[in-house]
There are 2 protein chains.
Amino acid sequence: MPTDAQPTTRVRAADELKQVALDQFATVGFAGTSLQHIADHAGYSKSSVLYHFASKEALLEAAIEPAISEFEAVLDDFIAGRGSGRRRTLVARVVDLLLENRQAVHVFLIQGPSLAELPIIARANAAVRRLAEAIGDERESVVDQVRFGIGLGGAAFLLTAGRSFADADALPADDELRDVLHVVLGELLAPRDRPRPTTTD
Amino acid sequence: MPTDAQPTTRVRAADELKQVALDQFATVGFAGTSLQHIADHAGYSKSSVLYHFASKEALLEAAIEPAISEFEAVLDDFIAGRGSGRRRTLVARVVDLLLENRQAVHVFLIQGPSLAELPIIARANAAVRRLAEAIGDERESVVDQVRFGIGLGGAAFLLTAGRSFADADALPADDELRDVLHVVLGELLAPRDRPRPTTTD
DNA sequence: ACGCTACTTGACCGATCGGTCAGATCCTGC
DNA sequence: GCAGGATCTGACCGATCGGTCAAGTAGCGT
């Protein structure tokens, strides 16, 4: 695996294909995306796509696996961690992860349940469920679990499907979006028995 | 024009097909659902499905149109209305609409952007955009618009895709869910007096 | 009993699906 | 210049897609 500044042809083509595929999977869904579309959009033939990736599923896996690994890392840190800043740290890292992996998150969070038979999606679903349980364990109230579900799902919706409902010229920049998401998700997920934090980082 | 208590065969078959189709569209997506699957699952042949509905798109339209009309009615009342209880009323009606039309909402809110070329979906998308603008007009802060997006998208996520992430035996009953959603969405969407945290616009 | 309508179905259509395979073409080390 | 692997592609495969069509069946008014 070369770390060249000048990427080899193989790596470049595979990366292009992964990016195009991820865009398509996130916008029209995994089932709604054909290998032919991906190939056309990337400027290759369908055969080339299947040369670089053994199957459509393998292409999906290659496209979203990094985001899932990162998500699992965030989750493991949260579960293993302790201290008062845990929840705030989780929110910050999840927001960053959402912003940097919009398409992948859309695939495994929004389309996840309908693709559960794919191993990579099953792994992602297991991670999401683990996070839900970790939240549920430490705060048993249904209200809090709903807050978690709305926060996570709502943020994912906002950054993917929901974007198309906003005025194109009114879309906030990512930096602003990150700050705003910190505030709103902080309100949703922060422990309620304390006064709501009004200061941001 | 039968308003029979004993429904005609036509009405019953069409209703069965609509329900099965809606379930499938919501769980595996419109693109991922085939007429053959719908027919098999409903106990009819594919030809019968196409006898009752001229096309797959017509079946989708028949399945989700009532929910969209209801949503438009809620929206019109909100826009035309005034008074202090407006927002609270909106939240209550939207929650009821979500609970009673989970699958339809999932289709036109979550899958909406990817199906925008279908007239019925375009109509739904226009309604959602109208609601977003109505919210945005009266509360200019980006934070509030994000709160709206997270609330709406999050609730839709929670009731559809998100359900599969919860323990099956821990799923709250609809009554409890409605109360909880009132609380959480009320927190998110209700006007706040408190000073805004730092915004960058 | 008849005819009409509502309903259901299997056979069939062209298009497209994911995937295979046998070459072309290109690049690099020798 | 040549061998050999990497890359790319068109032709092709069986299956399935949405959709059409004609034939058949069931039920009801007359």
Side-chain angles (χ1 to χ4, degrees), chain A residues 1-2 4 6-22 24-25 27-64 107 111 114-115 117-121, chain B residues 1-22 24-25 27-64 107 111 114-115 117-121:
Chain A
M1 189 197 214
D4 297 308
Q6 187 82 347
T8 69
T9 306
R10 168 167 66 246
V11 172
R12 222 198 57 232
D15 284 351
E16 284 174 3
L17 289 170
K18 272 191 284 188
Q19 186 54 51
V20 169
L22 193 49
Q24 296 288 310
F25 290 155
T27 53
V28 298
F30 180 73
T33 303
S34 71
L35 293 174
Q36 189 68 62
H37 275 116
I38 295 170
D40 292 347
H41 202 281
Y44 291 90
S45 72
K46 190 178 69 169
S47 299
S48 274
V49 178
L50 286 162
Y51 167 77
H52 287 284
F53 304 94
S55 68
K56 191 185 178 187
E57 296 184 10
L59 174 53
L60 172 70
E61 171 161 349
I64 68 174
V107 171
Q111 306 177 44
S114 66
L115 303 174
E117 77 264 13
L118 310 183
I120 184 68
I121 298 289
Chain B
M1 181 195 195
T3 44
D4 301 359
Q6 188 82 346
T8 67
T9 306
R10 169 167 64 246
V11 173
R12 221 199 58 231
D15 283 350
E16 283 174 4
L17 289 170
K18 271 191 285 188
Q19 187 53 52
V20 169
L22 193 49
Q24 296 289 309
F25 291 156
T27 52
V28 297
F30 180 73
T33 303
S34 71
L35 293 175
Q36 189 68 62
H37 275 114
I38 295 171
D40 291 347
H41 203 281
Y44 290 90
S45 71
K46 190 178 69 170
S47 299
S48 273
V49 178
L50 286 162
Y51 167 78
H52 288 283
F53 303 95
S55 68
K56 191 184 177 186
E57 297 184 11
L59 175 52
L60 172 70
E61 171 161 352
I64 69 173
V107 170
Q111 306 176 43
S114 67
L115 303 175
E117 77 264 14
L118 309 183
I120 183 68
I121 298 289

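The chains referred to below are lettered A, B, ... by the order of the sequence lines, with proteins before strands, and numbering in each begins at 1.
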Output all residues satisfying side chain to side chain contact (heavy atoms under 4.5 Å, CB included) with A:S47, sequence neighbours left out; order by chain, then residue number. A:S45

If the sugar-phosphate is the primed atoms plus P, OP1 and OP2 and the base is the rest, what is the B/S/- string for nucleotides 9-25 of chain D, using protein heavy atoms under 4.0 Å? BBB-----SBBBB----

Output all residues satisfying side-chain hydrogen bond (donor to acceptor under 3.5 Å, both in side chains) with A:S48, sequence neighbours left out; order by chain, then residue number. none

Quick one: side-chain hydrogen bond (donor to acceptor under 3.5 Å, both in side chains) partners of B:Q19, sequence neighbours excluded? B:D23

Quick one: B:D40 CG to C:dT9 C1', roughly how many Å, whole number? 13 Å

Hits for side chain to side chain contact (heavy atoms under 4.5 Å, CB included) against B:V49, two or more places apart or cross-chain, chain-then-number order -> B:L17, B:L35, B:A39, B:L59

The reported gap from CD in A:E16 to NE2 in A:H52 (rounded to nearest 0.5 angstrom) is 9.0 Å

Please name all residues satisfying side chain to side chain contact (heavy atoms under 4.5 Å, CB included) with A:H41, sequence neighbours left out, ordered by chain then number. A:V20, A:Q24

So which protein nitrogen or oxygen atoms get under 3.5 Å of nucleotides 23-29 of chain C's nitrogens or oxygens?
none

Phosphate OP1/OP2 of D:dA6 contacted by A:H52 side-chain N/O (<4.0 Å): no

B:A62: what forms a side chain to side chain contact (heavy atoms under 4.5 Å, CB included) with it, not counting sequence neighbours? B:K18, B:F53

Residues in side-chain hydrogen bond (donor to acceptor under 3.5 Å, both in side chains) contact with A:S114, at least two apart in sequence or another chain: none

